[in-house]
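Scope of the values below: all heavy atoms of this structure, side chains included, with no hydrogens, waters or symmetry mates. In the text below, chain A, chain B and the rest are named by the order of the sequence lines, each starting its count at 1.
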Amino acid sequence: MSFEFLAADAATVVDGVRPEPRSPIEWAHRDAGAQIGSQDGWRIVTGYGAARAEAAACGNSVGVADLSYLGKLELQGEPEVVVAIVAELAGGASLAPGRAALAERVWWCPITAGRVLAVTPPEATASLRDALETVAAAAPGFVSVCELTTALCSNAVVGPLAREAFARTTALDLRPQRFAEAAFAPVSVARTPGMILREHGDRFLHLFGAGYADYVWTVFIDAATELGGRAVGSDALGPPFGGEAAADA
Amino acid sequence: MSRLPPSGGERIDRERPVSFSFDGELIDAFEGDTIGSALHAADQRVLSRSFKYHRPRGLLCCAGQCPNCLVDVDGWPGVRACTEPVREGMKVVHMNATPSLRFDVMRATDIFGSRLTPPGFYYKTFIRPRRLWPLYEKVLRNAAGLGRLARRQAKREWRTEYRRRQADLLVIGGGVAGMSAALRGAELGADVVLADDGPELGGAELAGADAEAIRELARRVRAAGVEVLAPAAALGFFDGIVPVWSQSTLHQIRARSHVAATGSIEQPLMFEGNDLPGVMLCSGAQRLASLYGVRPGKAAVVATTADRGLESALALHEAGVEIVGIADARASGADAELSARIERARLPLWRGSAVVRAVGRRRVMGAVVADLDRAGRALPDSEHAHNCDLLAVSGGTVPATSLLLQAGVKARWDEAAGAYLPETAPPGIHAAGAVAGHRSRRQAELSGAVAGAEAALSLELGDEADRARLEAEREALSAGAEPAAELVPAPAASANGRHAKCFACLCEDVTTDDISYSIEEGFDSLELLKRYTTVTMGPCQGRMCQLSAIRQTAADTDTTVAEVGITTARPPWSTVPMGVLAGRPFEPAKRSAVHGRHRELGGNVLWAGDWRRPYDYGDPKGETMAVHQGAGLIDVSTLGKLIVAGPQAGAFLNLLYPNRFDNLKPGRIRYGVLGDDAGRITDDGTVCRLDDDSFYVTTTSSGADAVESWFAWWLAEWDMDVHLTDVSQGLAALNLAGPRAREILSGLTDLDCSNESFSYLDGKRAHVAGVPCLLLRIGFVGELGYELHCPGALAEHLWDAILAAGEPHGVRPFGLEPQRVLRLQKLHILVGQDTDAESNPLEAAMPWIVKFDKEEDFIGRWALEAVEERGAENMLVGFTIANGAVPNEGAAVVADGEPVGRVTSSRFSPLLERTIGMAWVPAALAADGSSITLADDGRRLSATVQTSPFYDPDQERLRG
């Protein structure tokens, strides 16, 4: 693959050690007392040493978690070709403007008619990338697959006050009657370009440029703290997209 | 102390005492008191001094609508004492009086100086002699304004934020009408927000006899799921967004439908001395008594034009205030039941009369009442005086229509109602309650329910039964009886030849004489009058004064109130702190994935565009030398990085750049300069061909977004088979440079790094320290160098590995400042610093960039051909200065005393031990060895032009 240099999971073992990819703001999490663990080849924040408070935040106010390790793959091509590829790989799922589709723990998010972002749990990124490239190579016309896992950061914003946290940063109407489950929208958040996906209930995924990771994190933790919430780790959140907990977490 | 015995419905909690200070004196209060009610209970009647004449002022409305009680609380000026709750230990001080509230030297303006300060005095006085204007200005500026802000604030002390809220229905006003509207809307399934500027829902009715029923309605509203914001002031109507200020939050509410139930505002009366402490609105006096348990006065004269004044007199009487007499401007027509109750209570009632004068110097000591003729004028021979310490007045009410008008509703004068009422409303805007002319409680409640139902049903909520119910309620509303219309206009002020002042505008100290005088001068339309006198422009925004100003204008211009019209309603309707409007200071900043390491290494992190980057690590000179002597490592992750892929990718780049890229071989790199249609340089960077159909384009850090937009725009225009992906923030980039760079790199990768295998301008893919990388052998800093582009998530690992491997070779991290010196030694340009909007590649000493022999057109070709034809006029050159002086960047290049160019970059090179720089000079001076003169900060510097790089001009170190 000519774009292997984009793939965080393409690291090789040197002297018995494989470099583990990590969040671009792991340093900030460390400063905040985060516990760092390994999962699916990534260094991730499992918690902040306050398991009860983190669980309570997710249940009663708002928890914010850095899920930068989620895989993000961008598929570009003629709209009808992209539709066909998504249908093939997502069990027949179809996309509509503003509506993503979840299939086998992969979120397929339509950015434009000819541009789709697939968001995957980390253990599925490589296999989906391979599948996409295989199908893209066989598709008519020019179809490209680009790895954006490290280009986009992803924060989970979870809890009954998750919408209130967003309300401090964006004008998008996130009420359930206007932004239902699986709704997806590119939108300005805290004056930066981003995308919001409503996974289910009070669980949202916010995607944005990795360069803004520290800034966005600071803004959301500030908002969450005012609302009685806090930063949380993966232990409080559970595996992404409804998966089982990984064996080595 | 003026406390009344406890009563049901009062807001204060007598079990919880609170104390605070006012002008240094300790004041006892109860929780639930306002500053105003507590001060009044402590017999402090004067709370402030007026704006222009510094007259003593006291409580008037007790509802946050007039300017009389503005105080400074804990250093925050402009706080309304009548609505601000007391807090333990708060420090309240007066405003606008020196040296004290009791004795203010500026009162001289009122006593002696009012002839010098008529309306528009600043157009007539304090003008000559002109040379004294700076002095006048200083005096006037110090005299004007209300309150003072601290000169210094060490940090942002008050956390404010915006909250965006979408809703189906926004109800503004939490009185009976507003609550009914909100409740009905919620019952029909609407998502409802209700905002009220009082501390609790209920509005004016809370001060009445049925407070408990009102509070029960408020409970039902909350139970129905309505989001209640209180105290929360709606500030305006901005194309569908209503900002509502509540404490530290500005709620930006965008609703699909709106109900304005903003009520009505009781009006003061015009008479001499109508601003004395002790003159209060009837509703204000009632609020003090019923909500705060404070006796508003011992003995009261009540003056009114409507039944509400009679109700207030009875309420005050029941609260224990002696009613000296009631001056009712109506000769007849008062409510029969009220009249009977007044008779039973034996309260003196003077029909067809009005107060003409308040007596007293610092507060009300008495009132003079006179009979009125048929035209509403006082009959001088009928005056009778009475001792009192409270003058409770009611000039009727005006609907609070400002927000409705801002929303596009038109208002018309209703002679029967004696008010401007809202009429045709745009879709999605509804009025309810007193603002719509429904004054009785029953009608207000019904109108609210109708408005709420109309709003919800218009959003396709509810069903046929709800529609039927709405129709029935509409009929009931139409048929419902309103209380007797307040047909009697407020009596005109009568000065009777005295010099006593009668105030039309309490905020701006505009008297009725001022208005007449201004109309005589020719400012005879309301809008002109407003601008000339500033009437309605103060903190009350016309709440207390607009109708009386309109009435007087009509009288003085011999027109009607309807013909005069009203002024344009503008936001903010309520005062709001600037800090609330500012909200949270969002200042987006980008940081690389290695930022943590820069901090740990003591990086001096500063802004570079919208990135935070280390300028150095404490030793810029040492870092610069390390690159020459061993190796340096710099984080250049901020570079823009675009993947341009597709069968036409090469052709696409050929059209965009003056360079040629379609003949670039896979694995090779070429420097590119991007230009616009005018041939001007807009950005630069490198292009590496990854394979037949893919290119990796880098841009400047600050130009990344603009280049991506430029590419995307042209892609859409040309509709080529190309995909563009911005990976700028996904890939980190580390530049390892220096004579030891190859050795260090070789220790970390299996890639053959020999010069034969990995030449200058080669691009290769390999793992370095286990990290997948795209390695670009390029050089910006003049030494052997490699740019390693890798996934950001692995950048910290790679950075650590390079520094560890490079330690024996003397590797050091270096920042932007050393980089600037190093690139300057090579005469590499910085777009935007060494170039500007006029710079083209031919004159910027890069003619080799432009491939005029390309067959296809390219952006800027036509303009560049013109430049080539006319020849260079100015050239970008290097220069040196022998004596070590370093000119400022931006210093002028002068010839014959005239500026002919400018210095764009300048630094002292520690390696070359001399000053080097770049400058734009006339083409005639652009030859090697030419002498140029720089003018910089009052000094002249001699410099020598050099057009080749100062260091390694043959690029042996770079290409070796």
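For Y162(B), the part sitting under 4.5 Å from any heavy atom of chain A is the backbone (N, CA, C, O) and nothing else. Of the two parts of R175(A), only the side chain, counted from C-beta on, holds a non-hydrogen atom closer than 4.5 Å to a non-hydrogen atom of chain B. Heavy atoms closer than 4.5 Å to chain A are found nowhere in R254(B), neither backbone nor side chain. Residue L724(B) touches chain A through its backbone alone, counting heavy-atom pairs closer than 4.5 Å. Residue D610(B) touches chain A through its side chain alone, counting heavy-atom pairs closer than 4.5 Å. Contact annotation for L774(B): both backbone and side-chain heavy atoms come within less than 4.5 Å of a heavy atom of chain A. For D168(B), the parts lying under 4.5 angstrom from a heavy atom of chain A are both the backbone and the side chain. Proximity to chain A is limited to the side chain of E600(B), based on heavy atoms less than 4.5 angstrom apart. Contacts of A801(B) with chain A are absent, with no heavy-atom separation under 4.5 Å from either backbone or side chain. Heavy-atom distances place the side chain of R30(A), and not its backbone, under 4.5 Å from chain B.
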* To do: Evaluate the criterion salt bridge (Lys or Arg N to Asp or Glu O under 4.0 Å) for residue pair D31(A) and R599(B); output intermediate values, then yes/no.
  => CA-CA 12 Å; D31(A) 282 355; R599(B) 286 190 332 155; 2.5 Å; yes

* **Candidate pair F5(A) and V727(B), rule side chain to side chain contact (heavy atoms under 4.5 Å, CB included), full reasoning** => CA-CA 11 Å; F5(A) 61 92; V727(B) 293; over 6 Å; no

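The two atoms that bring A793(B) and T150(A) nearest to each other are CB-CG2, 3.5 Å, heavy atoms only. The two residues T725(B) and C146(A) come nearest to each other via the heavy atoms CG2-SG, 3.6 Å.
Of the listed residues (G596(B), P666(B), A769(B), C790(B)), the greatest number of heavy-atom pairs within a distance under 4.5 Å of chain A belongs to G596(B). Contacts with chain B were tallied for R115(A), K72(A), R43(A), E78(A); R115(A) has the most, counting heavy-atom pairs under 4.5 Å. Your options are S728(B), S592(B), G646(B), and the one with the most heavy-atom pairs under 4.5 Å with chain A is G646(B). By number of non-hydrogen pairs under 4.5 angstrom with chain A, the leading residue of V722(B), D693(B), D721(B) is D721(B). Among the candidates P588(B), C773(B), A732(B), the residue making the largest number of heavy-atom pairs closer than 4.5 Å to chain A is P588(B). Between chain B and the residues G77(A), A167(A), A223(A), A190(A), the largest count of heavy-atom pairs under 4.5 Å involves A167(A). The most heavy-atom pairs under 4.5 Å with chain B, out of V17(A), I25(A), V13(A), T169(A), come from T169(A). Heavy-atom pairs under 4.5 Å with chain B were tallied for P24(A), P21(A), C153(A); the largest tally goes to P21(A). Put simply, of S144(A), A213(A), G114(A), the one with the most heavy-atom pairs under 4.5 Å next to chain B is S144(A). When S23(A), G141(A), G209(A), A28(A) are compared by the number of non-hydrogen pairs under 4.5 Å with chain B, G209(A) comes out ahead.
Within 6.0 Å of CG on D750(B) lie no more than 12 heavy atoms contributed by other residues, nucleotides or ligands. Heavy-atom neighbours of E460(B) CD from other residues, nucleotides or ligands within 6.0 Å: at or below the threshold of 12.
The side chain to side chain contact (heavy atoms under 4.5 Å, CB included) test with P19(A) is passed by exactly one of E796(B), H767(B), H797(B): H797(B).
Inter-residue side-chain proximity for R612(B) and D214(A) is flagged as unmet; no heavy-atom pair is nearer than 4.5 Å. In this structure the side chain of L748(B) never reaches within 4.5 angstrom of the side chain of V14(A), judged on heavy atoms. Inter-residue side-chain proximity for T249(B) and E226(A) is flagged as unmet; no heavy-atom pair is nearer than 4.5 Å.
Annotation: ring-ring contact (aromatic ring centres under 6.0 Å, His included) contacts of Y212(A) (sequence neighbours excluded): none.
Note on ring orientation: taking the six-membered ring where Trp is involved, the planes of W27(A) and H595(B) are tilted (angle from 30° to 60°). Between F142(A) and H723(B), the ring-plane angle classifies as tilted under the 30° and 60° cut-offs.
Panel note: side chain Q166(B), backbone A171(A); a donor-acceptor pair is recorded below 3.5 Å.
Rounding to the nearest 0.5 Å places CD of E20(A) at 10.0 Å from CG of L794(B). If you take CZ on R163(B) and CG on L227(A), they are separated by 9.5 Å, rounding to the nearest 0.5 Å. To the nearest 0.5 Å, atoms CG (L174(A)) and CZ (R164(B)) are separated by 11.5 Å. Q76(A) CD to I643(B) CD1: the interatomic distance, rounded to the nearest 0.5 Å, is 11.0 Å.
With respect to the salt-bridge test (charged N to carboxylate O, under 4.0 angstrom), the residues R178(A) and D191(B) do not qualify.
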